[in-house]
Each structure stands twice: as structure tokens, then as C-alpha cells.
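Worksheet: one structure, shown below.
Because only heavy atoms are used, hydrogens play no part in the values below, and waters and symmetry mates are left out as well, while side chains stay in. A, B, ... follow the sequence lines: proteins, then strands. Residue 1 opens every chain.
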Amino acid sequence: MTETEKKKKTERTPMPEQAPEVRRRNFLEVPTGYTEEMAVSEAQRCLQCKNPGCVKGCPVNVDIPGFIKLIVERKFTESIRHIWATNSLPAVCGRVCPQENQCEGQCILGKKGLPVAIGNLERFVADYEREHGTGALPPKQPPTGKRVAVVGSGPSGLTVAGDLIVKGHDVTVFEAFHKAGGVLVYGIPEFRLPKAIVAQEINFIERLGVKVECNAVAGRTVTLDELFEQGYDAIYVGVGAGLPSFMNIPGENLIGILSANEYLTRANLMKAYKFPEVDTPIPHGKNVVVLGAGNVAMDSARTAMRLGAESVRIVYRRSRAEMPARGAEIHHADEEGIEFMLLTNPVKYLGNEKGRLVGMQCLKMELGEPDASGRRKPIPIAGSEFELACDLCIVAVGAGANPLLTSSTPGLKLNKRGYIIADEETGKTTMKGVWAGGDIVTGAATVILAMGAGRKAADSIHKYLTFGW
Amino acid sequence: MFKIVRREEMSQGNVVLNEIEAPKIAVKAKPGQFVILKANEEGERIPLTMADTDPAKGTITIIYMVVGKSTALFKSLKVGEGFQDVIGPLGKPTHVEKVGTVVCVGGGTGVAVLYPITRAMKQAGNRVVAIIGARNKDLLIMEDLMRAASDELIVCTDDGSYGHHGFVTDKLREVMEREQVNQAVCIGPVPMMKFCSKLTKEYNVPTMVSLNPIMVDGTGMCGGCRVTVGGKTKFGCVDGPEFDGHQVDYDELMMRLQAYCEDEKRCYEHYCTLHDAK
């Protein structure tokens, strides 16, 4: 083997993707996926550690060396089946997990070079199964006669449903929107997670026997007590955070200021980027400002760019090092021409006589001592006010706990911030027969953490249905 | 699908009534609550406050004016056809209690929303004076139902083609002058609610209005329906749709309702062109 060949073999296989100047104006998926050859070559980089760090880094403990070994052997169908044993949404996780902080962050190859592209490989086998698979379902236990209601069809709810249906329980998922998938459908954009893939994942659990009831707003259409009256033996609450945070500064109700929830729901769930072929409109900003620097902020900024904006700026009060978004998302946004105005904080929105946004007044910030979050606290610089012209502002500064369900369920104990109190290991709440997990317990987090909570709760629910509370 | 079992046209086809099969909503809905309807896959989610419910039959009734693409699409649905999605009941129900004399004021299709509230107020033992208005006689709706639901009904038209020639506020003032009014409920176009509230404030009559801001999910998730009430931002969908009429910032609400007016015009024209081509 020559030196170049050796080097090639040890280098991480890059993910092919649409060129930034092309993709910034379309809604097609950015990474186009590995070919078989790329996948096998990348899989060969895995050292098959005896004591693999990657598995410990995964919130649902996927047997990563195991599925990678099967890729090396070109047993792609076996590989996806191996993942399914612990993760029912691999096509989603391969795309949206923050692998750099989880599996890939623990990979031994990462100590000297780049870690194995575990996410890309997971995505590859999931996509391979979707395109070439037989559609065969995993085995199911005989019916137990127990009924489980899952409230919310996001990542944690789908995990619970998928886990419990194969254990023989009768599972119904209740979704408030007209389409199932939760944040996977309304929140994460098409260019990062194609909706056809989410639909396929939901179709998969439906084929396993899970019933999905849309347009069912828990707390309004149906309450938890009524679900018990209807004969459900256990309930899992995974309704998400679902309450947008605003800046609470003057002028916030001007036209042209939207929560990221609203902006992304219009774009993703309602497909408003196709307006007027679909009926839901979405504001098209020329000069767009996105407040916040998490994944939702990146999604909003990149959506605005795709809707034809001349400029899109992320305005964030801390520095680049504190930005909570995944590295890959920041990188993609940067490549697509999103500008980063860091250490900047808006203090006031400016409007015209028609009540439309025309700009905002901002302050420059500097970093002081670490605050409660452990990050250096941004402090305003006196006299640094300046005006920033913009006609659309997306507020992506986090979410709170939506009280719609919890306020109609007095038996559920909440913490000070309105999130449901649930046991960390089992997901058990203070109400008998009710479990909770995902963002309504932890506050806004990631898809995979919600799935991890779902997995633990599903185990606990199964134990309860078999042995009692 | 949520099937339409009864369909009526009023106001020369400008206003349409749909009675829809939605048993789960029908058994839970209370006066003042709304539903979100979506006609088909590409459709928009449209919030409408229910005009009636029939828990025994499992139906809900909505009444809407055709103002754009989505309502035109709703109007095109025949009996036996239906809505792909109906979500509800949403929002807080009207607070109904016996307070004495209640004046219920309705304008345009607001009368449809007002009707179940009027009925509930009377059932709670109140003396109910209802005042309904429209631009002209043809646009007036639900006169007979409102007469039956109240102790006294006063009808107004802007052009004088029927009943009192003038605005509902004229008659509202008259009623408050002649007798002690304990509560007012005003539902209709935003300017009407604004001026009714201004008037009832002069007479210190507690006033409830029902707002219909632009919204997407109707569950408090998007915040598109922000309204300023008493200087604080509220969400129309979960904190409302009813608010203290004396506290609402109507001017802001009117502006926010214009957010998509250009888009809506474009979408409606697009639909009409396609429709005419057919």
C-alpha cells in the first residue's frame, strides 16, 4: 500500500452535498448521502473497539461497532435491523443527532484525527433500507390486551409507540396537529430532514399496528382522565415544550416579527414556501434578522435565505464559542451566506406607520464572568447603541412549557418553570399510570435525548403493564 | 374526513353555514370556543368560533363570510363532502353566570358567534337584550334565532334598509341610558368592538369581546395571535378568544390582521382565475 493509499484509507469520507451557492435558494436536502462504496470505505475506518466509547455516548446505546461491521460486510439489510433493536428512527437520527457531542465525540479515532462518520453511516443504511428494503417488519410479541395512549407524536412519543407495540401492547398515538411527527414535521426544515422520510418512519410504526389519531389536542379534545376512562392502562406524555419565548422588548407585536415556531411551522408543516400553490402564506423578508444561535435559529436563518432574502443575520448576545447550535449547522449556515452579528443584543424594535417592522435598535455586548449556565455573561457596552435595518425578524431564543395539557391535569406535578416532574430513570410522573419525557420534562433539547427518555419510559411502562406500578 | 351534513347560504351567498360531523368536538364544546378547519391537503388552517353544537347528533355548526381563497374553498364544499381536518374545541369557553341584564351586540358574521353565548346567558337566568347589525338587510343573519334566544331583539342596518337606520352603538347607548346593564358582550368586526367597548366604558359596563386574530396551531405554540390586553401580550388562542373589551388594543389588532393582506389577495385571485378557467 502506498502512502497516499494509506492516507486515503484513514481519512474520513466526506459527505457529498449540494454546493452552497445552489442550495441556499432551494429546499432540497443539503447532504445527498453516501454511495455504497463510500459507506463501505468509511465503515472500514472503524477499529471495532472492544470497549467502544461511541455506544456509551449514544443516548439510546445503539450497538455502533456492530452495525458498522455489517456495512463492511455489505450486509446493509442486516445492519439496519441491528440498529432497529435500539433505535426506531435511524433515518432521522442519522440526519439530526448532534453526533459530535455524542457517539462521534467518543470515537477513539477522534483523538488524533477525525472520528468515524457514524451519523452518515446510520443514515446510509436507513436510506438503503427505504430504497431497497423488503419492508419486512421486526417480530412482535403476542397481544397482551393492555392499552397505551401516547400523547404527542414527536421523537419521544414515536419511540415509546414503536417499543411498546412490538412488546404486544395496543398503542394509540394522539397528535394535536393534522399531521403526525411533531417537531420532525413542523420544526426541522425539509432541507435538513425531508418530510417524506418522516412520513415513512411513521408509516413503519403504523404498519407495526400503532394507531395514530391526528387533530386530537390533549387537554382540549381529550384529557388524561378521559383516556383512563376510555380504558387505557398507561399514558405517555411527550407533548414537547411548545411555548415560544419572546424578547419582551418594545415593539414586539409589529408585523414582521414571528416566533421561530410560527415561521418554521408555516414553512415546514404548512409548506408555505410553495405559496400560492398551497394556501398558507409566509412573510418573505428582504433583510432578515434571526435572534438566537441554537439549531432552531440556524434552521430559521437558512429558511429565510431559501425564501429569497437579500441578507440574513444571526444576532446573538454572546460569542461564537457559546453558540448552542450543532457545529455542522453553523458551518452550513456560514457557507450559505448567513452573517453572524455576535455580541449584539436588540433592545427595541422599530416600526413604520402601518405597524410593520423596519429595523431594530441594538447594543454591543462584551463577555464578563461566567453566569449560572457556566457561560460568560454578556454585559452591554454603554453608548454602543446602533440601528439595524430589517423587515423580518424571527425570534429563536428558546421555548417554555406549554400549559395546555398540564393545566387540565391537576394530578401532574410541575416544577417552577412549568415542566412536568418525572423520574429521570423511568419517566414516571406523580400521577399513577402516567409517564412523561422529552422537552416537556427537560425543556428544549434534542431529538435523540427525547428518544432516550422515550426508550426508558417504554421499558418502565412495559414493566408496569406486566408487574404493576 | 369531517362530513358536511347541512349547508345553507345566507346574505346572497356571501355567508355560508356548514353543519359538520365532529362528534368528539360536539360533546366537549362550550359557547365561545372555536375550531380550526382545513379543507384539504394544501389548505390553510382557519380558526372559526362555533355558532352551534349538537352533542346528541355529534355535529358542530360554523358560519363564515367568504372573504378570500380559504373561505371560497370552504363554500365550494357540498353536503356529503367535508373538511380534511377539524381541530377543537379550542380557546376558553365564555364565562356565563347570572349577573342581571346582559346586552349582546353582534355585527356581521359576529352574530353567529354571539348566538350560542346569547342563548347561554338567557339560560343562566339573565334578562338578555340583543342588538344585531349589518351593512344592509341582505347581509343580516340569524334574526329569528337571535329573537328566540333573547328577551328583546333590536335590529340595525347601516343603510336603513331594515330596522334602525344606523350603527349598533346608537342602540347600545339607548339601552344603557334606559336601564341598568350589568354586562355587555360585543362580537363583530374589530372597529365595531372597539366603539362598543368605548361606549360601555362610559357607562362602566363590563364588556367581553371575542377576537379572531391570525393563528396557525391554536394551542399556544406559535404566538402568531399575539394581542395586547391591558398592556400585556396575550395569545388569542389559549388566553382567549374572549377578552375584557376595555383592555384590548384594537388598533394593534387591526394592523396585525393586515399582515398577509397582499398575499391573501394574490392567493384569492389565483384561485378565482383557476376557478373561472374550469
Side-chain angles (χ1 to χ4, degrees), chain A residues 175-179 186 213-223 226 239-246 248 252-266 269-272 274-284 351 353-356 395 399-400 402-405 407, chain B residues 2 22 24-25 28-29 33 35-36 38-46 68-70 73 84-91 214-228 233 235 237-238 249 251-264 266-271:
Chain A
E175 166 57 43
F177 269 129
H178 55 271
K179 198 170 271 178
Y186 75 75
E213 201 177 301
C214 289
N215 300 325
V217 184
R220 290 276 197 239
T221 317
V222 70
T223 63
E226 286 163 353
V239 292
L243 184 73
S245 295
F246 285 92
N248 296 316
E252 200 142 40
N253 292 347
L254 289 165
I255 299 171
I257 303 167
L258 283 77
S259 73
N261 267 359
E262 178 179 1
Y263 188 63
L264 292 175
T265 301
R266 285 180 182 274
L269 176 73
M270 306 311 293
K271 304 232 177 289
K274 295 183 180 168
F275 182 88
E277 276 78 51
V278 302
D279 300 341
T280 306
I282 189 165
H284 290 241
E353 70 292 346
K354 286 181 175 162
R356 288 185 185 264
V395 186
N402 188 316
L404 198 61
L405 169 70
S407 64
Chain B
F2 295 78
K24 284 182 189 167
I25 301 172
K28 297 218 89 175
Q33 289 190 299
V35 287
I36 285 182
K38 184 168 166 290
N40 57 25
E41 192 58 34
E42 292 77 33
E44 192 179 6
R45 292 168 65 99
I46 299 291
K69 156 83 192 271
S70 291
L73 185 62
Q84 188 176 68
D85 302 286
V86 180
I87 302 111
L90 299 168
I214 294 171
M215 59 178 75
V216 183
D217 61 287
T219 62
M221 212 197 80
C222 84
C225 59
R226 304 196 293 288
V227 286
T228 302
T233 294
F235 286 1
C237 65
V238 287
D249 183 340
D251 296 337
E252 180 189 272
L253 175 63
M254 271 186 269
M255 279 196 295
R256 287 186 65 81
L257 284 169
Q258 297 301 309
Y260 296 100
C261 66
E262 290 302 315
D263 292 313
E264 278 160 8
R266 194 153 66 95
C267 189
Y268 194 23
E269 281 162 9
H270 183 78
Y271 176 77

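There is no contact between Y263(A) and chain B, counting heavy-atom distances below 4.5 Å. Contact of K179(A) with chain B is made through the side chain alone, with heavy-atom distances under 4.5 Å. When heavy atoms are compared at a cutoff of 4.5 Å, S407(A) does not approach chain B at all. Using a 4.5 Å cut-off between heavy atoms, L404(A) touches chain B through its side chain atoms alone. If you measure heavy-atom distances from N402(A) to chain B, the contacts under 4.5 Å come from the side chain alone. Neither the backbone nor the side chain of P403(A) comes within contact range of chain B; no heavy atoms are under 4.5 Å apart. For K271(A), no part lies under 4.5 angstrom from a heavy atom of chain B. Proximity to chain B involves both the backbone and the side chain of I257(A), based on heavy atoms less than 4.5 angstrom apart. With a 4.5 angstrom heavy-atom cutoff, L73(B) touches chain A only via side-chain atoms. Residue I214(B) touches chain A through its side chain alone, counting heavy-atom pairs closer than 4.5 Å. The contact between T265(A) and chain B is made entirely by side chain atoms (from C-beta outward), counting heavy-atom distances below 4.5 Å. Interface residue E226(A): only side-chain heavy atoms are found under 4.5 Å from chain B. Contact of S70(B) with chain A is made through the side chain alone, with heavy-atom distances under 4.5 Å.
Between chain A and the options D251(B), T233(B), N40(B), heavy-atom pairs under 4.5 Å are most frequent for T233(B). Comparing G242(A), A216(A), G240(A), A399(A) by how many heavy-atom pairs each has under 4.5 Å with chain B, the most go to G242(A). Of the listed residues (R256(B), E262(B), E264(B)), the one with the most heavy-atom contacts under 4.5 Å to chain A is R256(B). Interface remark: of the candidates I87(B), V227(B), I25(B), V238(B), I87(B) forms the most heavy-atom pairs closer than 4.5 Å to chain A. Taking chain A as the reference chain and counting heavy-atom pairs below 4.5 Å, the highest number among M255(B), E42(B), R226(B) is found for R226(B).
Atom CG of residue D263(B) and atom CD1 of residue I282(A) lie 10.0 Å apart, to the nearest 0.5 angstrom. Between atom CZ of residue F177(A) and atom NZ of residue K38(B) there is a gap of 11.0 Å, rounded to the nearest 0.5 Å. Rounding to the nearest 0.5 Å places CG of D279(A) at 12.5 Å from OH of Y268(B).
The nearest pair of heavy atoms linking Y260(B) to L258(A) is OH-CD2, 4.0 Å. Of all heavy-atom pairs between M221(B) and P244(A), the closest is O-CD, 3.2 Å. E44(B) and P281(A) make their closest contact through OE2-CD, 3.7 Å (heavy atoms, listed as atom of the first residue, atom of the second, distance). The two atoms that bring R220(A) and K28(B) nearest to each other are O-CD, 3.5 Å, heavy atoms only. Of all the heavy atoms in C222(B) and F246(A), the pair that sits closest is O-CZ, 4.4 Å.
Of the possible donor and acceptor atoms, none in the side chain of N215(A) sits under 3.5 Å from a partner among the backbone N and O of D85(B). In this structure, the side chain of S259(A) does not engage the main chain of G223(B) through any donor-acceptor pair within 3.5 Å.
Residues R45(B) and H178(A) form a side-chain contact, since some pair of their non-hydrogen atoms from C-beta on lies under 4.5 Å apart.
With respect to the salt-bridge test (charged N to carboxylate O, under 4.0 angstrom), the residues K24(B) and E213(A) qualify.
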